[in-house]
2 protein chains.
Amino acid sequence: METKQQTQPDLFRANCLSRQVLELIADQWTPLIIYALEAGTTMRFGEFLKRIEGISRKMLAQTLREMERNGLVRRVVYPVVPPVVEYSLTPLGKTLVEPMKALSAWAYGHLPEVAQAREEYDQRVHTQIQDEVATLVQQR
Amino acid sequence: METKQQTQPDLFRANCLSRQVLELIADQWTPLIIYALEAGTTMRFGEFLKRIEGISRKMLAQTLREMERNGLVRRVVYPVVPPVVEYSLTPLGKTLVEPMKALSAWAYGHLPEVAQAREEYDQRVHTQIQDEVATLVQQR
DNA sequence: CTGTATCCTTGGAGATACTG
DNA sequence: CAGTATCTCCAAGGATACAG
């Protein structure tokens, strides 16, 4: 049973298709897989496993399947033993490379600012707690 | 205790700072909050809750805090009763608007292709299963 | 109103062993 | 080699009630 979908894009609606697609590509692993296939290269299952640190067999298989289903990735099986399976970006998948790179470029480019903001925030919270403790002690 | 960080950006390493930052902005709610604040508007807690369908108090608070900590969002408290709290994008946060919009534009722009790819995939899987069943029946 | 604290549930994800 | 199946477990997240 399908949920009713609307035609206009309103990201703030839960059943907005754009939002759903967005969630598919904004997960933890999809970007990394896209980067790995970026240059039109093909990769095998085991290669991903070695390349992308921290990903498990399960998540890799899951993410690749979902990407294949959404038309981002092509999966080619060579019927040899032992089996060889190669993954590559589809033309559609390649159109996603640029936006994704823009995002990672942002991450890298603004790393210092983010790091500093964090430090300041944590510092603020820290002294704030100290102040509160001091106040409490004072009141006794 | 901090994990040791490297200086060059290698997204495929688990402790890559860029990757960590990327994960922070590639979650389910951060993009929606950014879109909501996009035009330099300010928003209150309750307004987010009404605007962003499906988000819970808990996730909203959590995400806003994290964004504040990372310097993306400014939180201003007006000491009145009942309290008023306004959220807006920081200059750093605003630099993220464009890349994010590019991503949602991609999602919207390629919606038909994704939808079609899904249908085809599901169809393929479906008939494949039917074939397998038929073969099994045949063999008896 | 803007949150936080608490409880509770579920399913997301790891580890392992197994199969084609 | 490339996965899948199974088990297990933790923690993300929802609902609710409460506090400042």
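Letters go in sequence order (proteins before strands), and every chain restarts at 1.
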For [X] versus [Y], what's the shortest heavy-atom pair and its separation?
{"X": "B:Thr42", "Y": "B:Ser88", "answer": "CG2-CB, 4.0 Å"}
{"X": "A:Ala107", "Y": "B:Ser18", "answer": "CB-O, 3.8 Å"}
{"X": "B:His110", "Y": "A:Leu92", "answer": "ND1-CD1, 3.4 Å"}

Flag side-chain contact, heavy atom, 4.5 Å: B:Leu64 against B:Ile33: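 Result yes, sub-4.5 Å side-chain heavy-atom pair found.
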Please report the end-to-end axis angle for the helix from C:dC1-D:dG20 to C:dG20-D:dC1, five pairs per end, rounded to 10 degrees.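 Its terminal axes enclose an angle near 50°.
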Mind listing the residues from residues 55-66 of chain B sitting with a heavy atom below 4.0 Å of DNA chain D? Number order is fine. B:Ser56, B:Lys58, B:Met59
So if I take residues 24-35 of chain A and measure heavy-atom distances to DNA chain D, which residues fall below 4.0 Å? none
Is the side chain of B:Thr90 donor-acceptor paired with the backbone N or O of B:Leu72 at a distance under 3.5 Å, no angle test? yes
Donor-acceptor pair, B:Glu53 side chain versus A:Ala14 backbone, under 3.5 Å? yes
For [X], check side-chain contact (heavy atoms from CB on, under 4.5 Å) against everything at least two apart and list the hits.
{"X": "B:Gln62", "result": "B:Lys58, B:Met59"}
{"X": "B:Glu23", "result": "A:Gln28, B:Arg19"}
{"X": "B:Ser104", "result": "A:Leu11, A:Leu22, B:Tyr35"}

Pairs touching residues 63-77 of chain A that satisfy side chain to side chain donor-acceptor pair (under 3.5 Å), sequence neighbours left out: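 Every pair satisfying side chain to side chain donor-acceptor pair (under 3.5 Å) with a residue in residues 63-77 of chain A: A:Glu66-A:Arg69, A:Arg69-B:Asp122, A:Asn70-B:Arg118, A:Arg75-A:Tyr87.
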Tell me if the CD atom of A:Glu38 is crowded by more than 12 foreign heavy atoms within 6.0 Å. yes
So, taking the atom named CE in A:Met100 and the one named CH2 in B:Trp106, what distance separates them when rounded to the nearest 0.5 Å? 8.0 Å
For the CG atom of A:Leu96 and the CD1 atom of A:Ile25, what is their distance to the nearest 0.5 Å?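 Between A:Leu96 CG and A:Ile25 CD1, I get 5.0 Å after rounding to 0.5 Å.
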Within residues 70-87 of chain B, which residues have any heavy atom lying less than 4.0 Å from an atom of DNA chain C? B:Arg75, B:Pro82, B:Pro83, B:Val85, B:Tyr87
How would you list, by chain and number, every residue that makes a ring-ring contact (aromatic ring centres under 6.0 Å, His included) with B:Trp29, sequence neighbours excluded?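 Testing B:Trp29 for ring-ring contact (aromatic ring centres under 6.0 Å, His included), a comparison that skips the adjacent residues, returns none.
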Please output the side-chain donor-acceptor pairs of residues 44-52 of chain B that fall under 3.5 Å, not counting sequence neighbours, one pair per line with the distance.
| from | atom 1 | to | atom 2 | distance (Å) |
| --- | --- | --- | --- | --- |
| B:Glu47 | OE1 | B:Arg44 | N | 2.7 |

Name the first nucleotide and the last nucleotide along DNA chain D (5' to 3') that come under 4.0 Å of a heavy atom in chain B. D:dG13 to D:dG20
What do the steps show when you test A:Leu89 against A:Val73 for side-chain contact (heavy atoms from CB on, under 4.5 Å), and what is the final call? CA-CA 5 Å; A:Leu89 286 183; A:Val73 155; 4.2 Å; yes
Span of DNA chain C in contact with chain A (heavy atoms, under 4.0 Å):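 Nucleotide range with atoms under 4.0 Å of chain A: C:dA13 to C:dG20.
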Intermediate values then yes/no, side-chain contact (heavy atoms from CB on, under 4.5 Å), B:Val114 and B:Leu111: CA-CA 5 Å; B:Val114 172; B:Leu111 226 147; 5.9 Å; no
